[in-house]
Amino acid sequence: GGFDMNIKKDNLIASIAFILIGILFCIFQSRILSWILTIAGVFLIILAVLDLVNKKNQQALIELISGAVILIFGWLLTEVALVIAGICITALGIKNFVSLNGLSGLSLGKKILVILKPICEMAVGLLLIVNTFAAINWIFIIIGVIAIVNGIGFLFDNNEVKVIKTEQL
């Protein structure tokens with residue numbers, strides 16, 4: 001019994017999926033988060049209805065409330081969480097910048113990198129605080145580009161094709 005699975009074919013499927021997801025992330029940016037929140041909220045409400053039918057009332061109530069909260073407050077909660085993250089990242093950048101020491105033994109390139117890290121942390125943190133939606137859009141563009149690069153990498157992955165037999169698992 002069992003079946004054979006061709007890794008090359010799976011790489012092609014994964015490659016196409018990564019590239020398509022990456023393109024969607026680059027094009028739609030923060031709107032994808034809205035879709036995900038909406039889908040999650042609706043999914044939880046559907047689960048609540050199914051659990052009510054199956055007489056799992058407590059679970060249904062929790063799912064119903066969770067779904068409604070996500071649908072009603074999802075963006076507000078996301079924005080608040082990102083502002084808090086921005087404050088934390090900015091504070092971390094300030095702490096890291098203030099505590100810079102021991103640069104004398106480093107090459108110029110290493111010094112620049114060590115100094116740039118906390119500056120970048122402060123910049124990202126401030127962007128999240130001041131303009132949350134622009135930050136979200138850039139984050140989704142970066143995720144999209146990374147997904148596209150990964151997808152292209154899968155296309156050109158010349159690793160030896162392995163066949164996995166289920167009997168071996």
Side-chain angles (χ1 to χ4, degrees), residues 1-7 9-96 117-118 120-155 157 164-169:
F3 65 93
D4 295 342
M5 182 172 72
N6 189 328
I7 301 299
K9 181 177 155 196
D10 290 343
N11 274 3
L12 179 63
I13 293 168
S15 176
I16 292 168
F18 268 100
I19 291 170
L20 290 176
I21 289 169
I23 291 169
L24 288 174
F25 272 51
C26 288
I27 293 171
F28 294 109
Q29 300 159 7
S30 62
R31 287 176 280 180
I32 287 178
L33 190 55
S34 173
W35 298 344
I36 292 169
L37 291 171
T38 303
I39 291 167
V42 169
F43 179 73
L44 283 168
I45 291 172
I46 291 169
L47 281 178
V49 171
L50 293 173
D51 283 338
L52 274 174
V53 169
N54 291 321
K55 304 208 185 324
K56 298 178 183 174
N57 295 340
Q58 288 179 334
Q59 187 169 335
L61 181 64
I62 293 169
E63 291 164 347
L64 182 64
I65 291 170
S66 299
V69 166
I70 288 172
L71 286 175
I72 296 168
F73 298 111
W75 262 110
L76 175 66
L77 297 175
T78 302
E79 188 171 357
V80 169
L82 287 170
V83 168
I84 292 169
I87 292 168
C88 293
I89 292 169
T90 302
L92 177 69
I94 291 169
K95 179 203 113 0
N96 289 339
K117 182 182 177 284
C120 288
E121 289 169 343
M122 289 185 283
V124 168
L126 289 172
L127 182 60
L128 281 170
I129 294 167
V130 174
N131 196 347
T132 306
F133 292 108
I136 293 172
N137 285 336
W138 277 108
I139 289 167
F140 276 104
I141 290 170
I142 291 167
I143 291 170
V145 169
I146 291 169
I148 291 168
V149 169
N150 278 331
I152 292 169
F154 278 133
L155 274 179
D157 188 2
I164 300 172
K165 295 187 180 286
T166 53
E167 294 92 23
Q168 297 171 346
L169 299 177

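Just so it is clear, the values below take in all heavy atoms, side chains as well, and ignore hydrogens, waters and symmetry mates.
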Item to check | Heavy-atom side-chain contact between Ile23 and Ile19 under 4.5 Å | outcome: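 A side-chain contact exists here, since the closest heavy-atom pair is under 4.5 Å.
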Item to check | side-chain contact (heavy atoms from CB on, under 4.5 Å) evaluation trace for Leu128 with Val83 | outcome: CA-CA 6 Å; Leu128 281 170; Val83 168; over 6 Å; no
How many angstroms lie between [atom1] in [X] and [atom2] in [Y], if you round to the nearest 0.5 Å?
| X | Y | atom1 | atom2 | answer |
| --- | --- | --- | --- | --- |
| Thr90 | Glu121 | OG1 | CD | 9.5 Å |
| Leu44 | Ile62 | CG | CD1 | 11.0 Å |
| Leu92 | Cys88 | CG | SG | 9.0 Å |
| Leu126 | Asn131 | CG | CG | 12.0 Å |
| Asn96 | Ile89 | CG | CD1 | 12.0 Å |
| Ile45 | Ile65 | CD1 | CD1 | 11.0 Å |

Next on the checklist: According to side chain to side chain donor-acceptor pair (under 3.5 Å), who are the partners of Gln59, at least two apart in sequence or on a separate chain?
Outcome noted: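 Expected list: Asp51, Glu63.
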Item to check | Heavy-atom pair with the smallest gap, counting every atom of Gly22 and Ala147 | outcome: CA-CB, 3.7 Å
Next on the checklist: As a quick check of understanding, evaluate side-chain contact (heavy atoms from CB on, under 4.5 Å) for Phe140 and Phe28, giving each step before the final call.
Outcome noted: CA-CA 8 Å; Phe140 276 104; Phe28 294 109; over 6 Å; no
Checklist outcome for this item: Of Val145, Ile146, Ile152, the one forming a side-chain contact (heavy atoms from CB on, under 4.5 Å) with Ile148 is Ile152
Checklist outcome for this item: The residue among Ile143, Ile141, Asn137, Ile142 that forms side-chain contact (heavy atoms from CB on, under 4.5 Å) with Ile139 is Ile143
Checklist entry - Got a sec: does the CZ of Phe25 have more than 12 other heavy atoms crowding it under 6.0 Å? => result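 Atom CZ in Phe25 is crowded, with more than 12 foreign heavy atoms closer than 6.0 Å.
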